[in-house]
> 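Handing you this structure, nothing more for now.
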Protein chains: 2
Amino acid sequence: MLRLSKLADYGSQVMAYMARDGDVHSASEVATGLGMAAPTVSKILKMLARENLVASVLGAKGGYMLARHPSEISIAEIINAMDGPISITECSSTSTCARESFCSTRSNWQGINHIILDVLEKVNLAEMIAPKPQVVDVNAIRSRGILV
Amino acid sequence: MLRLSKLADYGSQVMAYMARDGDVHSASEVATGLGMAAPTVSKILKMLARENLVASVLGAKGGYMLARHPSEISIAEIINAMDGPISITECSSTSTCARESFCSTRSNWQGINHIILDVLEKVNLAEMIAPKPQVVDVNAIRSRGILV
DNA sequence: ACCAACTTGGACTAAACTAGTCCTAGTTAA
DNA sequence: TTAACTAGGACTAGTTTAGTCCAAGTTGGT
């Protein structure tokens with residue numbers, strides 16, 4: 001399924017919600033605003049705070065706010081904060097693979113992984129919350145070779 | 001983690017193994033060749049056969065062989081056979097999302113998903129087994145906008 | 001005709017992961 | 001000093017995933 005975890009999905013929604021203004025939002029406010037369970041949103045915001053994607057304001061009237069401008073936060077960072085390093089195959093990162101010698105396909109997987117990572121790094125929050133749905137220019141990529 | 005399932009990973013290895021020649025391979029032969037558990041390889045081959053990526057030969061001296069030429073089998077097909085439809089977010093497909101009205105980010109996720117799918121469709125088995133690791137031309141993509 | 005080798009399909013189990021909840025401690029504004 | 005909030009971690013329940021096993025059908029060789 002090659003899918004994002006639900007948490008990462010939620011994380012992007014929470015970030016998108018906060019990106020609409022620069023205010024401080026409490027976890028419960030975000031939860032009601034998005035129709036999600038409060039403890040879940042709280043957990044997500046904690047994870048995002050740990051990776052410095054949101055800044056926390058302690059105490060009464062506290063909450064969370066984006067740590068940077070939406071245009072400076074990439075989707076890749078959000079996924080990374082929620083799910084850890086983005087890598088399509090298990091040993092495409094630095095971890096050693098017991099079956100390494102058999103895996104002649106490895107380096108090609110790494111190449112594919114690289115492209116996906118690149119796409120995700122290229123899209124930022126500001127683009128994601130653009131009210132008018134943006135269309136992907138697939139042809140620009142389709143017209144070029146992936147592996148050269 | 002945005003990751004492939006282990007089964008899909010194994011699937012690509014099995015397909016790559018078989019792509020090296022046009023012969024019929026028994027499940028156990030592939031298993032020993034790749035150093036994987038025999039029942040697991042058998043299960044994978046069954047899944048690949050159900051999606052017509054490999055053809056099965058019944059009886060003694062039977063086994064499996066690629067259904068098509070390696071250059072006509074895309075990585076996307078293999079992932080699809082093992083993990084089902086490739087979609088990065090849960091409701092990027094046709095399924096209805098209860099929180100649809102809140103998800104202004106949806107269509108952009110779909111765009112990202114589309115690109116990833118496109119990349120995976122563009123890479124075929126023949127390219128994956130190329131002995132010399134192929135290098136991805138990331139810059140070709142980086143130089144262009146993702147969302148237009 | 002028979003046997004051995006092999007696939008097919010499904011059921012099944014065990015383990016891992018994920019989502020989601022809850023609790024205690026610490027911080028701040030009023 | 002109290003109410004409103006975050007911080008951090010432990011915990012549970014549910015789902016998914018990997019992997020095993022078995023009974024049945026098919027084919028090639030002898």
Side-chain angles (χ1 to χ4, degrees), chain A residues 1-14 18 23-67 79 81-85 89-90 98-99, chain B residues 1-14 18 23-32 34-67 79 81-85 87 89-90 98-99:
Chain A
M1 315 190 184
L2 182 74
R3 65 143 188 280
L4 228 48
S5 76
K6 221 173 230 178
L7 238 40
D9 188 11
Y10 289 169
S12 74
Q13 285 189 57
V14 169
M18 300 184 78
D23 299 355
V24 173
H25 302 273
S26 74
S28 58
E29 184 221 316
V30 174
T32 49
L34 288 175
M36 294 165 61
T40 301
V41 171
S42 172
K43 180 186 185 176
I44 289 165
L45 283 165
K46 282 177 208 172
M47 296 175 80
L48 293 170
R50 199 181 310 143
E51 300 292 322
N52 295 314
L53 290 180
V54 298
S56 63
V57 180
L58 287 181
K61 305 239 172 195
Y64 296 89
M65 56 193 296
L66 290 191
I79 295 175
M82 305 303 294
D83 286 348
T89 52
E90 243 175 41
R99 206 150 37 246
Chain B
M1 313 193 186
L2 181 74
R3 65 142 190 281
L4 228 50
S5 75
K6 219 174 232 178
L7 237 41
D9 188 10
Y10 288 170
S12 74
Q13 285 189 58
V14 169
M18 299 184 76
D23 298 355
V24 173
H25 301 274
S26 74
S28 58
E29 184 221 314
V30 175
T32 49
L34 289 173
M36 294 164 61
T40 301
V41 172
S42 173
K43 179 186 185 177
I44 290 165
L45 283 166
K46 283 177 208 171
M47 296 174 80
L48 293 170
R50 200 182 311 145
E51 300 292 321
N52 294 315
L53 292 179
V54 298
S56 64
V57 181
L58 287 180
K61 306 238 172 192
Y64 296 89
M65 56 192 297
L66 292 190
I79 295 174
M82 305 302 295
D83 286 348
S87 90
T89 52
E90 243 175 39
R99 206 150 38 244

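Every heavy atom of this structure was used, including side-chain atoms; hydrogens, water molecules and symmetry mates were not.
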> Quick test of your reading: applying ring-ring contact (aromatic ring centres under 6.0 Å, His included), list the pairs with at least one residue in residues 23-59 of chain A, sequence neighbours left out, ordered by first then second residue.
A/Y17-A/H25
> Output the rounded distance in Å from CE (A/M82) to C1' (C/dC17).
15 Å
> Side chains of A/L7 and A/M47: does their closest heavy-atom pair fall under 4.5 Å?
yes
> Round to the nearest Å and state the distance from B/L45 atom CG to C/dG10 atom P.
17 Å
> Distance check needed: C/dA19 P versus A/M36 CE, whole Å only.
11 Å
> Without decimals, in angstroms, what is the distance between B/M47 CE and C/dT7 P?
17 Å
> List the residues meeting side chain to side chain contact (heavy atoms under 4.5 Å, CB included) with A/S56, not counting sequence neighbours, and say none if there are none.
A/Y64
> When the distance from CG of A/D9 to P of C/dT18 is rounded to whole Å, what number comes out?
14 Å
> Does A/S56 have a side-chain nitrogen or oxygen under 4.0 Å from the phosphate oxygens OP1 or OP2 of D/dC5?
no
> Can you give one letter per nucleotide of nucleotides 19-30 of chain D, 5' to 3': B if a protein heavy atom sits under 4.0 Å from the base, S if only from the sugar-phosphate, - if neither?
BB-----BBS--
> Who are the side chain to side chain contact (heavy atoms under 4.5 Å, CB included) partners of B/A37, not counting sequence neighbours?
B/P39, B/T40
> According to side chain to side chain contact (heavy atoms under 4.5 Å, CB included), who are the partners of A/A67, at least two apart in sequence or on a separate chain?
none
> Please identify each residue that fulfils side chain to side chain contact (heavy atoms under 4.5 Å, CB included) with B/K61, with sequence neighbours left out.
none
> Distance check needed: D/dG8 P versus A/I44 CD1, whole Å only.
17 Å
